[in-house]
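Notes follow once the structure below has been shown.
In what follows, chains carry the letters A, B, and so on, assigned in the order in which the sequence lines appear, proteins first and then strands, with residues in each chain numbered from 1.
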2 protein chains.
Amino acid sequence: METRRIDPVNCSVARALSVVGERWSLLIVREALDGARRFGEFHSRLGIARNLLATRLETLVTAGVMRRVPYQEPGDRQRFAYELTEQGRALRPTLVALLEWGDTYLADPQGPSVIVRHRPADDASSCDEPVKVVLECAAGHSHLAPEDVCRTPGPGARFLESS
Amino acid sequence: METRRIDPVNCSVARALSVVGERWSLLIVREALDGARRFGEFHSRLGIARNLLATRLETLVTAGVMRRVPYQEPGDRQRFAYELTEQGRALRPTLVALLEWGDTYLADPQGPSVIVRHRPADDASSCDEPVKVVLECAAGHSHLAPEDVCRTPGPGARFLESS
DNA sequence: GGCCTGAGTTGAAGAACTAAACTCACGAAG
DNA sequence: CTTCGTGAGTTTAGTTCTTCAACTCAGGCC
């Protein structure tokens with residue numbers, strides 16, 4: 001029998017990248033996690049072209065990563081802001097993983113420009129220690145090395161016959 | 001005093017994305033983590049255009065994510081294969097995080113097509129339980145929610161005066 | 001009314017991506 | 001020694017995506 005391979009196109013990584021894999025998407029999400037809400041904030045923080053920002057925000061809203069909400073500053077007309085949905089906030093681990101990778105291998109000589117810290121919103125138990133992303137299995141083994149994990153087919157796997 | 005904001009361009013996420021943020025880069029790394037080594041393997045698994053694959057592999061090699069190594073099949077001439085460096089393998093947590101996000105929010109109705117399992121290379125302690133990515137702070141608080149972390153300036157931070 | 005501001009939209013030029021045909025180096029077959 | 005087959009790219013032409021700059025649009029303010 002031929003060895004079977006998991007179809008690499010029917011994969012959540014590919015689907016995830018089709019939503020947040022475009023050039024500015026993850027940076028927009030990062031700024032949103034950091035508190036950006038308005039069109040102009042994203043524009044001036046990132047320096048992204050305005051039309052592209054409009055397109056990206058629309059894509060992210062359509063994908064359910066962000067939400068377009070009306071707001072009104074006193075003495076100003078109604079405008080729209082963009083905020084993350086729960087789905088969007090769930091990208092935090094991905095961004096922390098990328099940040100860590102960048103810090104480790106592409107570091108600024110000065111050191112990292114950003115440190116992610118444990119600081120709950122209610123600030124009651126202000127811990128403030130740096131946060132890392134770790135791989136952990138369901139049996140409780142933690143801090144797995146990249147070599148200690150492998151991909152296996154799941155229930156939705158399609159296969160390709162290797163030719 | 002004006003509130004100071006961390007310069008969002010001088011950031012490891014942005015630097016990381018400049019290396020692996022292009023359309024196919026992370027999928028190439030994923031296939032490499034799954035054992036792909038040769039030009040044709042990447043090409044047929046991903047369906048990426050050949051010229052683009054050549055360009056991406058060159059970019060990844062230049063960036064230190066992959067390495068070009070000569071190999072020779074018996075009765076064939078010498079060719080080149082591409083394998084991940086340690087820097088490339090370190091992208092595993094990023095890919096697991098993306099996979100998890102995709103599984104959670106963009107799932108195939110059949111269920112996930114890929115499950116990442118704890119299975120060390122030497123297979124001695126074959127645990128095989130599914131692996132997740134978790135946020136953990138240096139004080140040992142684990143399984144932090146996205147809301148429980150925040151970004152703070154590090155030693156290499158540049159600031160922008162908000163205008 | 002005329003001016004200002006934030007939030008987009010439009011349009012032209014340049015860069016990136018796709019697809020398919022082409023080249024190249026070698027080993028094997030005749 | 002000539003031809004054929006194969007893996008690994010390269011070339012080229014066409015399409016799509018990004019960028020940049022200029023323009024529009026709606027309301028508030030003078």
Side-chain angles (χ1 to χ4, degrees), chain A residues 5 8-9 14 17-32 35-63 66-83 160 162-163, chain B residues 5 8-9 14 17-32 35-63 66-83 160 162-163:
Chain A
R5 263 194 3 256
V9 172
L17 288 173
S18 74
V19 172
V20 293
E22 285 161 306
R23 200 163 298 268
W24 292 95
S25 308
L26 280 174
L27 293 175
I28 291 173
V29 171
R30 186 196 59 175
E31 290 308 317
R37 290 173 41 83
R38 292 161 27 173
F39 187 92
E41 286 180 305
F42 291 106
H43 173 60
S44 64
R45 289 197 193 193
L46 293 172
I48 179 177
R50 299 167 145 289
N51 55 348
L52 197 50
L53 175 57
T55 309
R56 281 294 166 277
L57 287 171
E58 199 186 325
T59 305
L60 291 171
V61 168
T62 304
M66 301 189 88
R67 185 189 297 128
R68 190 164 182 261
V69 296
Y71 76 100
Q72 188 156 24
E73 304 259 308
D76 202 355
R77 69 175 159 137
Q78 183 185 58
R79 298 178 187 281
F80 290 93
Y82 299 85
E83 57 186 40
L160 305 173
S162 56
S163 54
Chain B
R5 261 194 6 254
V9 172
L17 287 173
S18 74
V19 172
V20 294
E22 286 160 306
R23 199 166 300 267
W24 292 95
S25 308
L26 280 175
L27 292 175
I28 291 172
V29 171
R30 185 197 61 176
E31 291 307 317
R37 291 170 42 82
R38 291 159 30 173
F39 187 92
E41 287 181 305
F42 291 106
H43 173 60
S44 63
R45 290 196 194 193
L46 294 173
I48 177 177
R50 304 168 86 70
N51 56 348
L52 197 49
L53 175 56
T55 309
R56 279 297 163 275
L57 286 171
E58 198 186 326
T59 306
L60 291 171
V61 168
T62 304
M66 302 188 89
R67 185 188 297 128
R68 188 164 184 262
V69 297
Y71 76 99
Q72 187 156 24
E73 304 260 310
D76 202 355
R77 69 176 160 136
Q78 176 179 293
R79 299 177 185 281
F80 289 93
Y82 299 85
E83 57 185 40
L160 305 172
S162 56
S163 54

Every protein N/O within reach of nucleotides 15-17 of chain D N/O, cut-off under 3.5 Å:
none

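- For Glu83(A), the salt bridge (Lys or Arg N to Asp or Glu O under 4.0 Å) test picks out Arg37(A), Arg67(A), with sequence neighbours left out.
- Distance NE2 (His43(A)) to C1' (dC20(D)): 10 Å, rounded to an integer number of Å.
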task: If a protein heavy atom is under 4.0 Å from the base, mark B; if only from the sugar-phosphate, S; if neither, -; do that for nucleotides 19-30 of chain C going 5' to 3'.
output: B-B---BSSS--
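- Residue Tyr71(B) places no side-chain N or O under 4.0 Å from the OP1 or OP2 atom of dG7(D).
- One finds no side-chain N or O of Arg37(A) lying less than 4.0 angstrom from the OP1 or OP2 phosphate oxygen of dA7(C).
- Every residue meeting the side chain to side chain donor-acceptor pair (under 3.5 Å) condition with Arg68(A), not counting sequence neighbours, appears here in chain and number order: Tyr82(A).
- Under the side-chain contact (heavy atoms from CB on, under 4.5 Å) criterion, Ala32(B) pairs with Phe42(B), Met66(B), Leu84(B), sequence neighbours left out.
- Summarising the geometry, atom CZ belonging to Arg38(B) is positioned 5.0 Å from atom CD belonging to Glu73(B); distances are rounded to the nearest 0.5 Å.
- Applying the 4.0 Å criterion to OP1 and OP2 of dA8(D), one finds that Arg68(B) has every side-chain N and O outside that range.
- Rounded to whole Å, the distance from CG on Leu57(A) to C1' on dT18(D) is 16 Å.
- With sequence neighbours left out, the side-chain contact (heavy atoms from CB on, under 4.5 Å) criterion links Gln72(B) to Gln78(B).
- Distance, Glu73(B) CD to dA8(D) C1': 13 Å, rounded to whole Å.
- Proximity of a side-chain donor or acceptor of Ser25(B) to a complementary backbone N or O of Gly21(B) within less than 3.5 Å is not detected.
- Put simply, CD on Glu58(A) is 16 Å from P on dA7(C), counting in whole angstrom units.
- The side chain of Arg38(B) has dA8(D) as its nearest neighbour among dA8(D), dG8(C), dT10(D).
- For Arg23(A), there are no salt bridge (Lys or Arg N to Asp or Glu O under 4.0 Å) partners at least two apart in sequence or on another chain.
- Nucleic acid contact for Tyr82(B): sugar-phosphate only, since backbone atoms but no base atoms lie under 4.0 Å from a heavy atom of the residue.
- Going from atom CD1 of Ile28(A) over to atom P of dG8(C) covers 12 Å, rounded to whole Å.
- Within the structure, every pair that satisfies the side-chain hydrogen bond (donor to acceptor under 3.5 Å, both in side chains) test and touches residues 46-56 of chain B, not counting sequence neighbours, is listed here: His43(B)-Arg50(B).
- Every side chain to side chain donor-acceptor pair (under 3.5 Å) that Glu31(B) has, sequence neighbours left out, goes to Arg45(B).
- Of the side-chain N and O atoms in Trp24(B), one or more sit less than 4.0 angstrom from OP1 or OP2 of dT18(C).
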